[in-house]
Colleague: 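Let me give you the structure first, and then I'll get to my questions.
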Amino acid sequence: MNKNITGAELEIMQILWREERALTLAELRDELTRSKLWNKSTVQTLVLRLRDKGVIAPLDKYGPAEYEALVTEDEYLLAEERAVLEKFGSGKRLAIAMVRNGHLSDSDIDELRSFFTTGGETK
Amino acid sequence: MNWWEQLSELTRTLVIMSLTGSVIAAVFFLLKPLLRNRLPKALLYYRWLLVIAALLVPVPAIVTLPVHSDLPTISGVLQDNLISGYEYEHRQLLTETGLTIPDTAEEFKQFEYEEISQIINVQQKTNNIKFFLNWLVLQVPLYGILIQVINFLFNYFRFKGKLKTRNTAASSYEQAALAELSGERRIPGLFRNPLAGTPMLIGVFRPVIILPDKEYTEEQLRSVLLHELTHLRRKDVLIKWLMVLVCSLHWFNPVVWLVRREIDRAAELSCDEAVIRSLDDRGKRTYGETLLYVAADFKAPRAVLSATMCEEKRQLKERLGAIMKNKRYTKLAVILSAILVIAVAAAACALGAVSNESAPPLIPGSAATAVASPAAAATPVTPASSGDVLADYEISKSILTGGAVKAVEASLAGKEIAYMAQVRSFSLLGEKNVTLPSGENAAYVFAAYRTAPGANTYEAYDFVLERADNESDWEITAQYPAEYPVTAISKLEPLPELTGVAALEEYTVRYQDKHPEDYLARDEYAIFRAMHQENPGAKEGYEYFTFYFGLIDKDKNIIFTPGKFNGIIRCENGFIIYGNYFNGLYEYPSAMGLMDKDGNVLVEPRYHLVTGWDAEANTVYVWNSDETEEILGTLNIATGEITPFPQEKIREELGIPKSEFSASPHTLELEGKTVVAATRNAGDGPTEIHFYEWDGTPYTPKYDLDWLGTNEPIANGES
């Protein structure tokens, strides 16, 4: 869940979380160039980067793109906490987890599920 | 330098444990493809306990050699178990150098003790950086353990503490389900936690189950709880902790870390197996689907290396496969497979034991030097492998001159002789009123043999041999059990490949130092002795040898001309040298001199005693080398001038008549100081002792000297 949101990106996320609605690039730029004296292109770069990370997404509608947060503030904070917890990895290994580590993608899970339900027919 | 010898006992034991455990683990790993689907998972899991045991329980690799003596020792004579091999070797050495041989055991012990304390002094003084670094590097395994333990504990408590902050109590419905599944057993704590990615069991003394903040159906909840309760029942957390201990101890061994991963894996498979045993087909399917549900919820961030993904996937696939197949094993199959695993483990243990035995010899020269050093006489000795017996014996035999050895060999036929030496006399027997034959047709041989082939206990005898004349055969006329308990056999180090020393080509050369590598490693010289047969091709029993002593560096360069001196003994800061001194009337073969540790002769051998080397003032205290044995005083090495000791003045001050007065050097062992003891002994009363510095000022010892006794004159202070 940790998408590695950097400090500057977090500023944008916080505006989105505070406003609790989708914002256009222009709205975000206005807000940030005023409060942070950021360069216009900086805001654009950061927004596009967040979009690429899959943390925000433009609403599917006509007009200037409005970006909404795909991750809630709570989810983000939890992910941060988990990341901190991950640092104590060797301590974690002393707990018995039902499934180890969890580095599986959706397609992996699907593949395993079909493997299980078909009784190991698929290799 | 022989690093195996340099390791501490603890490190050595650790390395041997690591090797044994690794060998067993390697066998298990190799057999894994063969056993995987044929044995119950529980067996595949618990067999690793054998590896854990091998890694945690020290093997009896360090064997203490039992003291062996048939005769009761004379009380008060022998308090410590000083090794006799050492004594005999020194007797031999002394015979060869023509030095005064201490006659009683006590004197010998005193002699030996002083030499040892000199060696220890030298070692203590050499705490230079190089020596420290050397020591540090060799201790690294032990520091590593400390670091590992701290690392584990720190991470564990930080992890647990961090997790705990977000714990919330599970719902009463979930608690009830847990209580029902726990049955009679103690119910562990149950919490929900948003930080947890998967259900987990944590804690040794008060274990708790932690569930992720995620909805589970009733069936899924039961599966999850059953899984965790099974882990709890089987004390898998304890095994995890044992593995932490193992990994901390053997952190340097990569096999151990592989074992840890394998155990984690086997534990899950074994746990699944135990859970599904009580489930019907539907239950099994639910259980497998729950695993997938949990895994799906615990997904990876996008940017994770595919290598790990494959590994996790492979593991989960193996578990799911095992759940589907769920073999049932008949009792017979289980018993048979258990026997198989035990047999494999036993074979592996045997292999491990072999690796134990061969471990030291794998390291160059270690077995060859696995003999007791004098300072370590009372400490356990790493046994040399039995293959060295002959080498030991050949070396010791080679310094024997007499054909008498043949007769002793014949009488010990069938025994594994470990050491043999020709000795001059049995001092202790004299106290038992045994009259020993004398003359050239009498010989004494000390021989030690192993109580069993390859054993590290020895039986030792002193043999008295006689022959009618030069041409007759030697016959054993008496045989006495050795007075000294033989706890270890020492021997001289063979010195391989001397280079660039033509003069030594026809000599048999050995190190005299017990641990020459210690000195060579510090760029100091080791003492060697070279043996030369003066009448090559002589009939056996008529060989005649001469011995020479010198110094040698680590490149085998001899810096000292052999033959110049009769003997070299290590002392503080350098060496005491022995040589011949002719005073115009008599030749003194045991005159003493002094050489620094670079081989420069500071004082030519001409004094009876050289002692108390004051390196700062560059002075030594000397004693006259003639019958008078009078104390000369303080010799300035640089100028050669002697400041006389004011003996006569002191005698007059004390008011002691000349006939009752004597003065001699005396070493105050506890204070590390050589002073002069001026004594009055009228022959019938207690000895009166006064100590003086070498410049004549009175000296009061700091320690109680009551033990010196009152009746024994200490006039002969060659101590």
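Chain naming here is simple, since letters A, B, ... match the order of the sequence lines and numbering starts at 1 in each.
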Colleague: Name all residues meeting the ring-ring contact (aromatic ring centres under 6.0 Å, His included) criterion together with B:Trp241; count only those two or more places apart in sequence or in a different chain, and write none if there are none.
Modeller: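 Listed in chain order: B:Tyr156.
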Colleague: Rounded to the nearest 0.5 Å, what's the gap from CG on B:Leu316 to CD1 on A:Ile109? Could you check?
Modeller: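 Nearest 0.5 Å value for the CG-CD1 distance: 6.5 Å.
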Colleague: May I ask you to check whether over 12 heavy atoms, not counting those of B:Asp280, lie within 6.0 Å of atom CG?
Modeller: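 Check passes, neighbour count above 12.
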Colleague: Quick one, B:Arg285 and A:Thr117 - any side-chain contact, counting heavy atoms below 4.5 Å?
Modeller: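 No, too far: nothing below the 4.5 Å cut-off.
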Colleague: Between A:Ala97 and B:Thr198, what is the shortest heavy-atom contact and its length?
Modeller: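 That would be CB-CG2, 3.6 Å.
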Colleague: For atom CZ of B:Arg222, decide whether the heavy atoms of other residues, nucleotides or ligands shown that lie under 6.0 angstrom number more than 12.
Modeller: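 Not more than 12 within 6.0 Å, no.
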Colleague: Looking only at non-hydrogen atoms, find the nearest pair between B:Lys284 and A:Phe116 and report the distance.
Modeller: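 Closest approach of B:Lys284 to A:Phe116: O-CZ, 4.0 Å.
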Colleague: What option among B:Lys162, B:Met243, B:Lys160 has the most heavy-atom pairs under 4.5 Å with chain A?
Modeller: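 Looking at each of B:Lys162, B:Met243, B:Lys160 in turn, B:Lys162 comes out on top.
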Colleague: Count the heavy atoms belonging to other residues, nucleotides or ligands that lie under 6.0 Å from NZ of B:Lys164, then report whether that count exceeds 12.
Modeller: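 For B:Lys164, atom NZ is not crowded (no more than 12 foreign heavy atoms under 6.0 Å).
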Colleague: Has B:Arg206 got more than 12 heavy atoms of other residues, nucleotides or ligands less than 6.0 Å from its CZ?
Modeller: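 No, not enclosed.
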Colleague: Is it the side chain or the backbone of B:Val204 that comes within 4.5 Å of chain A heavy atoms, both, or neither?
Modeller: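 Answer is neither: B:Val204 stays 4.5 Å or more from chain A.
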Colleague: Measure distances from B:Val237 to the heavy atoms of chain A and classify the residue's part below 4.5 Å as side chain, backbone, both or neither.
Modeller: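 For B:Val237, the contact with chain A is made by backbone and side chain together.
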Colleague: In terms of heavy-atom pairs under 4.5 Å, which option from B:Ile210, B:Leu195, B:Val244 contacts chain A the most?
Modeller: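 That would be B:Leu195.
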Colleague: Could you check whether atom CZ of B:Arg192 has more than 12 heavy atoms from other residues, nucleotides or ligands sitting under 6.0 Å from it?
Modeller: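 Enclosed: over 12 neighbouring heavy atoms sit under 6.0 Å from CZ of B:Arg192.
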Colleague: Before giving the answer on side chain to side chain contact (heavy atoms under 4.5 Å, CB included), spell out for A:Arg113 and B:Glu289 the whole-Å C-alpha distance, their side-chain angles and the decisive distance to 0.1 Å.
Modeller: CA-CA 8 Å; A:Arg113 184 165 283 131; B:Glu289 276 160 9; 5.5 Å; no
Colleague: Identify which part of B:Leu163 has an atom lying under 4.5 Å from any heavy atom of chain A, answering side chain, backbone, both or neither.
Modeller: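 It is both, since atoms from each part get that close.
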